[in-house]
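Since we're looking at a predicted model, the values are computed, not measured.
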Amino acid sequence: MLPWLLLLVPIPALLAPTPALAGPGIPKTHGVAPNLLSRYTPSSKSTWKCLDGSKEIAWSAVNDDYCDCLDGSDEPGTGACPGTSFYCKNEGHIGTSIPATRVNDGLCEVECCDGSDEKSGVCPNLCKEIGDAYRQKLEEENKLRRKGSKIRSSYISFAKKEKKRLEESITSTLAEISVREKEVARLQDIVDRTESLSAAALEHKKQSPLYTSLLAHHEALTHLRSLHAASLAREAELGNILDGLRRGYNPNYQDMAVLEAVRGWEGVKGLKHIYDEGGLKDGEEGGEGEVKEGEVKVAEGEEERDEETMEKELDMLLDVDHVSLLLEHERHVNAPVEESILFDITSYLPDTLIPQYLTVKESIVSLLQKVGVVRGAVDGSSSDASRTRELLSAAQHSLKLTTEEKDKAEEDLKDLFDERWFGKEGEWKKLDKVCLEKDTGDYTYEVCLFEEARQKPNSGGQTFSLGKFHSWNEDAEPGTPAYYSKQHYRQGTKCWNGPNRSVVFLLTCGLENEILSVVELEKCEYQLTGTSPALCLPVGEGTTGVGTGGMKTAKEEL
């Protein structure tokens, strides 16, 4: 068309929208998602009802770049209505939806590789190239998942075997507990009867004159000790009184009674008379003087040492266990009898046969007592009770260990297929306590799964705890791939002037259990990345992509 012919075209025609992008020229289903295509058909009257049912409009008003419906459903391909979506077909790749506000904004959206969100010719159609690259990447990832899922299957098989082992362990320990409980009950009965016999024998021995005399001597010593202590206290008090009288009396009054008392006290203590020649001067304190002729002065501290020795000897005498002393005496007196094979045979029997022997022995002794061959209790009963008590303690300890073993197996079995621990299929149990390491040059970082993370200096020095296992991904639903893609290790060694060390361990599907990288995001807060076959779900199950939790399945994408 020649330029001058443009003058013949009406101005409204020049301002009209391009038929491919606005107005009647746009296909009515442009921008409609596949699941809604069936609802974008006109009625017999060439009308159309809004998807929310609020209004019925002319079919020609659909995709006319003017918003008629309250829900904006009449403009799926123009972006005229806020809050709506535009569907990119992306033939050759994967269709997707974008916000309608990004339609006709002059920008080529990555999600719309066919360029359908912009005017014709603005954006090239790259869907074939992108689709080919995507499918190649998807195939590589699926190949990785197929290999990794086989390893994961071996982990699941391990968990099933572990389940069987734990169940068998629980069954066997329950049976063992039953046997041990019966053994403990039997030994307890023997101990009760043996100790009852020993108690009766002991009461009989306490009626002996020797034991009565021992108690009388003990009581007399206790009484004498208290009298001696009281006497020492009175002596000290009287000494203080006489010392005060000696220093304070006035010799000028010639009180002979006082003088005699002072000289008598000085004689007892071996002191010079306070006012004799060479005695104390005015204002001086009185002290110990020379020993008079014929007197022997006790060396300094000797009296105190004698008193201390006497106290120790008294303590030893008063602290004696008279019952033990009585039993030792009985054993000494009756030594030949105790050497009888009947009462000493336990020294030669295995522990397992001793309870049976003691039962038989008790029956024999009881019979001998009835016919008068043995009088009173047998002296060996005390040692028998002690021996049986040892056997009972050993049996109780064995029962305790077996019960703890059973409780531990039950707890392990409970956690084995718990989604919050080792996964619904137990795929993580194989890796329990497995340690992974990453050498970064200055340090080697170690993560022992489900236990603790550590930082070890390569040139020597202190190893720091980076935290103990706390939880899986707290922001994801237990049992989902995203849940097992992150582990938290917390409450490690406190940093100087900082927080406690902690680790976030990000995991993706891989053929090896390994740490790939270590980054200190904040002071003493570390982020580690790694791989594990336990995250490799079979192809077609879960999500696609290496560590791309949240994406659609391969079937949905293709």
Side-chain angles (χ1 to χ4, degrees), residues 93-94 129-165 415-440 444-451 453 469 472-473 476-489 503-519 527-558:
H93 188 39
I94 301 171
E129 294 83 349
I130 293 176
D132 289 343
Y134 173 79
R135 282 183 285 273
Q136 182 180 355
K137 179 182 178 183
L138 181 62
E139 179 55 33
E140 292 173 354
E141 292 180 351
N142 285 341
K143 183 178 180 181
L144 174 66
R145 289 180 63 183
R146 280 191 289 269
K147 291 182 179 179
S149 64
K150 290 181 180 180
I151 303 175
R152 182 177 183 273
S153 296
S154 70
Y155 292 175
I156 295 173
S157 297
F158 174 84
K160 291 178 180 178
K161 292 178 182 178
E162 184 69 4
K163 176 178 182 290
K164 183 179 180 181
R165 185 191 70 80
D415 293 339
L416 184 56
F417 296 105
D418 187 346
E419 292 181 346
R420 296 182 179 275
W421 277 99
F422 299 121
K424 187 176 182 180
E425 298 179 283
E427 63 271 20
W428 291 94
K429 177 61 179 178
K430 176 74 172 179
L431 303 179
D432 185 21
K433 299 179 179 62
V434 170
C435 296
L436 314 177
E437 290 189 345
K438 177 67 174 179
D439 188 341
T440 62
T444 292
Y445 290 84
E446 178 185 66
V447 176
C448 293
L449 299 175
F450 303 102
E451 283 200 325
F469 177 73
W472 288 102
N473 186 2
E477 185 70 21
T480 63
Y483 181 74
Y484 303 113
S485 67
K486 182 189 296 185
Q487 286 189 335
H488 293 280
Y489 292 80
V503 165
V504 174
F505 191 17
L506 304 179
L507 291 162
T508 57
C509 167
L511 301 183
E512 301 289 339
N513 294 293
E514 60 180 340
I515 299 173
L516 299 179
S517 66
V518 179
V519 178
Q527 177 179 285
L528 279 63
T529 63
T531 60
S532 173
L535 275 172
C536 296
L537 299 176
V539 176
E541 179 181 335
T543 61
T544 62
V546 182
T548 53
M551 290 181 64
K552 298 178 181 179
T553 64
K555 291 181 180 179
E556 291 174 334
E557 290 175 339
L558 297 176

Approximate separation, where rounding is to 0.5 Å, of [X] [atom1] and [Y] [atom2]:
X      : Y      : atom1 : atom2 : answer
Leu416 : Lys163 : CG    : NZ    : 8.5 Å
Arg146 : Cys536 : CZ    : SG    : 12.0 Å
Lys161 : Lys429 : NZ    : NZ    : 15.5 Å
Thr531 : Asn513 : OG1   : CG    : 7.0 Å
Cys448 : Leu431 : SG    : CG    : 12.0 Å
Asp418 : Lys424 : CG    : NZ    : 12.0 Å

> Is the backbone of Val539 close enough, under 3.5 Å, to the side chain of Asn142 for a donor and an acceptor to pair up by distance?
Replying inline: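 The answer is no, because no donor-acceptor pair under 3.5 Å joins these two groups.
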> Just by modelled atom types, is the Glu419 backbone N or O under 3.5 Å from a matching donor or acceptor in the Tyr484 side chain?
Replying inline: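 Present.
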Between [X] and [Y], is any pair of side-chain heavy atoms under 4.5 Å apart?
X      : Y      : result
Lys137 : Glu141 : yes
Gln487 : Leu449 : yes
Arg152 : Leu537 : yes
Tyr483 : Arg420 : yes
Glu514 : Leu436 : no

>> Among Thr444, Val447, Thr440, exactly one meets side chain to side chain contact (heavy atoms under 4.5 Å, CB included) together with Ile515. Which residue is that?
In response: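 That would be Val447.
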> Taking only residues two or more places apart in sequence or in another chain, which ones pass ring pair (Phe, Tyr, Trp, His ring centres under 6.0 Å) with Phe450?
Replying inline: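 Counting only residues at least two positions away or on another chain, Phe450 forms a ring pair (Phe, Tyr, Trp, His ring centres under 6.0 Å) with Phe422, Phe469, Trp472.
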Compare every heavy atom of [Y] with every heavy atom of [X], then report the nearest pair and how far apart it is.
X      : Y      : result
Pro481 : Leu535 : O-CD2, 3.9 Å
Glu427 : Tyr155 : O-CB, 3.4 Å
Lys430 : Val434 : O-CG2, 3.7 Å
Gly530 : Phe505 : N-CE1, 3.7 Å
Cys509 : Leu144 : O-CD2, 4.0 Å
Trp421 : Asp415 : CB-O, 3.7 Å

>> The criterion is salt bridge (charged side-chain N to carboxylate O under 4.0 Å, His left out); which residues satisfy it with Glu512, sequence neighbours excluded?
In response: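 Expected list: none.
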>> His488 vs Val504, test: side chain to side chain contact (heavy atoms under 4.5 Å, CB included). Steps then yes/no.
In response: CA-CA 5 Å; His488 293 280; Val504 174; 3.8 Å; yes
> Do Lys143 and Glu140 meet the salt-bridge criterion of a basic N to acidic O distance under 4.0 Å?
Replying inline: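 Answer for the salt bridge query: no.
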